[in-house]
Structures are given as C-alpha cells and as structure tokens.
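Quick notes on the structure that follows.
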Amino acid sequence: MRYSQYYIPTLREIPAEAEIDSHKLMLRAGMIRKAAAGMYSFLPLAYRVLQKIRRVVEEEMDRAGGQQVLLPIVQPAEIWHQTGRWDVYGEEMFRLQDRHQRDFCLGPTHEEMITTLVKNEVRSYRELPLRLYQIQNKYRDEIRPRYGVMRAREFIMKDLYSFDRDEEGLNRSYEAMYEAYSRIFTRLGLKFRAVEADSGAIGGDVSHEFMVLAPSGESVILYCEQCDYAANNEKASAALPAKGEEAFLPCEEVHTPGQATVPEVTAYLGVEASQLIKTLFYQVGEELVAVLVRGDDELNDIKLGNLFNQPYRLAPPEEVAAQLDLPVGYVGPVGLRTKKVKIIADHRIKTMVNAVCGANRRDYHLRNVNLERDFTVDTFADLRLAKAGDPCPHCQQPLLETRGVEVGHIFKLGTKYSSALRAYFRDENGEEKPFIMGCYGIGISRIVAAAIEQNNDQDGIKWPVPIAPFQVLILPITSEQLATAEEIYRQLRAAGVEVLLDDREERAGVKFKDADLIGIPLRITVGPKGLAQGEVEVKVRLTGEEFRWPLADVTSQVLAYLAKNTPVVND
RNA sequence: CGGGGUGUGGCGCAGCUUGGCAGCGCGUCUGCUUUGGGAGCAGAAGGCCCUGGGUUCAAAUCCCAGCACCCCGACCA
C-alpha cells in the first residue's frame, strides 16, 4: 500500500477527550473517530487490525469445532420476555419499536436468539454437540462508556454458544474453548493470563476470564508463581492463616471515648488492625444482617452479593441506631444475639484469638474477645477481598498482583436458557432434556485497545507482528531514494509481505514521527547514507534494535524476522 | 442517577471577570526556498462562538432553560 493513497489521518496533538494511552494513540494514529459517546468509526488502519484478529479467532473457533453463523442484531422482545431478561437487563438494553409498535432490542448478547434457533432445529442427541459462533456488533447502553473502544456501547464481539447433551459434554466444550482462547491470544502475540472469575448474574459454577496484561488494565489479578492459581480480585480467595496459639484471656470492657474507626481504635489501644473485628450492617431484603471481617480486611461486594443472592446495601448508621439501638463505631458480635440479628462472618474470624471489637455501648470496646466463648456466628463464608501477599489457596505461597484488560470470558451456563425457552432434545432413551449450554465471548474491538495498552511508548504504538496493520514500513528519506524504495516495495510484496510505502512528499522528520506513531513492526529507511554502502537501515519498533541490511538481503531478512516473531501454536 | 468539569474554524487553546470588528498555535490550500526526527518565508481558505429563550442600542461574554461530551462515584456476562 502506498501511504499517499491510504487514509491515515494522524494528529499531532492529543484530543482533549482521551484519558488512557490506547485511546489517545488510536485517535492520534488515525485509527478511530468518535460518532457519539461509546460509538466509534474504525478507519482503514484499525480495520486491518480488526481483520487480522478476526482471522485468527475464526481459525481457532473452527479448529475447536465451531461453526460460524450470523444472527440478527435486531431481536424481538418476545424471546427476551421468555427468559425474563427484557426486564432484568434494564436500561443497558437499546430498545426500539417497528412501525407496528412491536418491541425490539439491539442484541447485547445472543443467548435468547441462538437458543431459540437451536430449539426449533435440533431434535436429537445425535446432532450434539453443536458449537455455533458469530462475529458481529453488540449493543450495550453502558451507564458510563469510557476509554474509547475499551468500553464502548457498540463493539465487535465473537460469541460462541455450545450445546451438549450432558455435563460431560459441556466440560469438553468448555475445555475446547479454554484451549482455543489460549491459542488465540498466544497467536496474537499478546501477554495474557487466564484467571478464575466470578460467574455473576449469568449463573453457572465455573468461569474464566482471559486478561491481556497491562498496568493500566481495569481488572486486578492475583496469581501464584508456584502453582497455576490465578483469579481476578472479585473471585480470588486465600488460604486461612493458622489460628493463634495464645491462651484465651478474660474478656474485658475498655473505655475508648470518641474512637470509632479502625485506625482510631488501633492507635488508641495499641493493637494491630488484624486484631480487630469489624462489624458491618447490611440491609438485605427486609432484615438487617451483621457481617464480621477482620480489621485489616476489606469486604468483597461480589462475594457478599453471591451469598445474599438478593438486593442488599450497607445500612446507614441512622438505620442501625433506629432499628437495633446500636451505636455504629462501637458495635461488636458479643451479645448481638439478643437483638435477633443474623451474624455472618468471614472465615478469618475463626482464626482470631483475644480480638478487639465494639462493646455495643457508645465509647466502649471489648478486649480479648474469643469465638464460641464470647460470641457465635450463624454462617461462615469467604467474604474478604484477597490481596497481594496473601497465601495462595492451593500452595500457600504469597500471591502476586498484576493488572489486566478482560478480553475474553467463558461460562458454563447449564440449562438456564434452554429451560426458560423450553429448548429440548431427545436423548437415547427418548426422553426430553434441556440442552446443556455454555457461552464464550471475545471482545474483538477491545483487543485492539488492549494490545495498544500493552505495547506503546511515548512515541506511539508498537504493534506485535501478528496484529500489525502492516508488517513493514518503507521510508525513503527524499524523493531521490523513491525509485530504490519502490523496488524494495515490489520485491517484498511479491514475497507476500504486507508493506506500507511512505511515498508522501513530506520531510523525513514527519515520516519518522508518523512511523513511530502508527507503530509498524519493521521500518526500513532508504537514505543516502545507507545506499552509499548499498544498504538500508532497519529499525525494530518493538525493541528499538537497529540493523543495516545489504539491499540484496532485504526480502530474506524481512521474511526471517516475520517468521521468528509470529507465534506458532502446535497442533 | 449523584458530584465535578468542558462546549469558540479539522486538532489544541485564549478571549468571558469588566458586553463594543472573533483571535493564537498546529493542521489545510497556493507559491518560492528547503530536505536524515513534526522546516522557513509570503499569501489564502475555513466560524450557527453547542441549542433555544431573555436582558441590552449592542451578547462568545450577563441571566434562564435545555443538549452534548469528559472525569469521579454508584452501576455493569
């Protein structure tokens, strides 16, 4: 491709709206333009990247037994009513009506659509397993779209749905997808990690997210170097520390005037935050529930939500005072029974000896409080937010922390949608059974942004070879070298290399700046200095390495570099 | 939805306090000179100052209402 005939509207200045690197660079490199909040046009350079990602995804989906289909983006409300999600999905769904005032939505996801399709077509276990996927735009009216295409309201997604006859089949489908995803991100040349994830409202017991690692990522990942354990911080758990060995001391009340918060109490009494029991009250449905966590722990809202399994919120102090006559800041589990409040505690409470907690009396705390002797708990659960340094739940090694961008998520759905939509098949005994389903998503457009987050510097993007819009950029310093550059261009193209020839009548500086910005992996500079010795100057964008190659070797050297830097996954 | 901020040529911004010809830098176009990391000179084009209403002889500027966009939070397969 000739630069002069290709539309790459680079910007010198950073548009004010962009916050993170990938967003700034996609705008500056002329890849995207905004149409509305969370709605973007993809320009030629970005489209090439999308196509490359798409091709790898398609190859791996096909290899894993997937068959590509294309379902309607506009979906009738009826099927959403059947699963109850027309109401559940709420404001996040783009809705519209046709001329007959019939309700439709723009598909945020396609469980309803695909399940309806399969229900009407597949009758027998003999037709299973079935793995159908598509790549198309998805629509979610996010409350707050942000970071360019990272969290857009219209985005490109690959979604595959698996239909199996039993759990065993589902497990095979799930494993096939897990492997396919690992192959995809490896082949795309991205540093990634698969982590255990919370399956959230979509249900199911097992779920993994695929994270592209980047310090600016929105998700926090905890992982163990010793074993394979890795989870996002919504899901991560830690091994329990050993219970303290000390002898129980007699419980005593101490005066702590005006000391209501954890830092205040620890400072006033000269104890560690880990010796404190925090008591929080949540309004769950109609009742107030007491939740106990160690003073140095943070409550994990996702885990708490999964436990309650209904709407809940932190009860404001006034309500606690009004309903239970308790002074927030001086509340503790001892004697709480008399209030008929359900007490839920994080597992770590079990390991505490001679703890400190509120005395349920203003300006007083209790010392040397011990489980069983002084108070009891209704339910123990893992409720704390795991953090770096915690012991790994599998091997006790300290967990490490990193950040990532979620680019893929796989779920075991079970029969949630097939049951709701009455999608059944006949098994070998002639019995009607609901399909056992799984769903598996990849954010195609998000991968572009994630790849840039992972690979950029002050000067611009540094594309990994597999997803670069072009593999090689040829940069003649002046028009004097254009003929030589054209010749190299011709040879490389003949060898099947994707080349961008910067044939613009611009000064060298401008071309260098744009080259760095758009980040083509190999830059071949054709200038008088090199040509005097029959050589071109080569710079590797990713590493900054520089070489001199004799003119005659350019094609073979380029092919060797590309081969070496295109990850291959063996069958 | 709560809080904060911003809307002025394609991009980045000044002007608004104290009403009086709409400006600067970059980019774009033309010409000349230049040509190894965003060149110089000369000239030119390009504006519903977010929208609507109000105050005023006069509004980018003051007042009212609305809209859009960005950030923080809540929310979110």
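Sequence lines set the chain letters: A, B, ... in the order given, protein chains first and strands last, and positions in each chain run from 1.
We find that CD of A:Glu91 is positioned 14 Å from C1' of B:A74, with the value rounded to whole Å. Distance, A:Leu27 CG to B:C26 C1': 17 Å, rounded to whole Å. Straight-line distance from the CG atom of A:Asp516 to the P atom of B:G36: 17 Å, rounded to whole Å. Across the protein-nucleic acid pair, A:Leu517 atom CG and B:G38 atom C1' stand 11 Å apart, rounded to whole Å. Across the protein-nucleic acid pair, A:Arg153 atom CZ and B:A68 atom P stand 10 Å apart, rounded to whole Å.
Within the 4.0 angstrom heavy-atom criterion, base atoms lie near A:Pro528. Using a 4.0 Å heavy-atom cutoff across all strands shown, A:Lys34 reaches sugar-phosphate atoms only and no base atom. A:Arg33 comes within 4.0 angstrom of no nucleic acid atom, judged by non-hydrogen atoms across all strands. Among the protein residues, A:Glu537 comes within range of the nucleic acid bases, having at least one heavy atom under 4.0 Å from a base atom. The residue A:Tyr147 sits close only to the backbone: its heavy atoms come under 4.0 Å of sugar-phosphate atoms, none of a base.
Taking atom C1' in both B:A22 and B:G40, the straight-line distance is 28 Å, to the nearest Å.
Nearer the 5' end of RNA chain B, as judged by each residue's closest nucleotide, is the contact made by A:Gly530, out of A:Arg151 and A:Gly530.
In this structure, A:Leu551 and A:Glu487 have side chains that are not in contact, with every pair of non-hydrogen atoms separated by 4.5 Å or more. The shortest side-chain heavy-atom distance between A:Glu218 and A:Tyr147 falls under the 4.5 Å cut-off. For the pair A:Val118/A:Tyr161, no side-chain contact is recorded, criterion being any heavy-atom separation below 4.5 Å from C-beta on.
When each of A:Glu196, A:Lys235, A:His409 is checked for a side chain to side chain donor-acceptor pair (under 3.5 Å) with A:Ser207, only A:His409 meets the rule. Tested against A:Glu111, the residues A:Lys119, A:Lys416, A:Arg85 include a single salt bridge (Lys or Arg N to Asp or Glu O under 4.0 Å) partner, A:Arg85.
Residues A:Tyr40 and A:Phe155 keep their aromatic ring centres 6.0 Å or farther apart. Two rings, from A:Phe470 and A:Tyr6, have their centers less than 6.0 Å apart.
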Show each protein N/O and nucleotides 31-35 of chain B N/O combination with a separation under 3.5 Å, one pair to a line.
residue: B:U34; atom: O2; partner: A:Arg507; partner atom: NH1; Å: 2.9

Report summary line: Letter by letter from the 5' end, nucleotides 1-16 of chain B scores (B base, S sugar-phosphate only, - none; protein heavy atoms under 4.0 Å) ----------BSS---
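Candidate nucleotides B:C69, B:C71, B:A77 were compared by shortest atom distance to the side chain of A:Met157, and B:A77 ranks first. Taking every side-chain heavy atom of A:Lys539 into account, B:G37 is the closest of B:G38, B:A77, B:G37.
Annotation: the span from A:Tyr223 atom OH to A:Thr402 atom OG1 amounts to 5.5 Å, rounded to 0.5 Å.
Side-chain nitrogen and oxygen atoms of A:Arg12 include none within less than 4.0 Å of the OP1 or OP2 phosphate oxygen of B:C26.
Between A:Tyr174 and A:His208, the two ring planes are tilted [angle within 30° to 60°].
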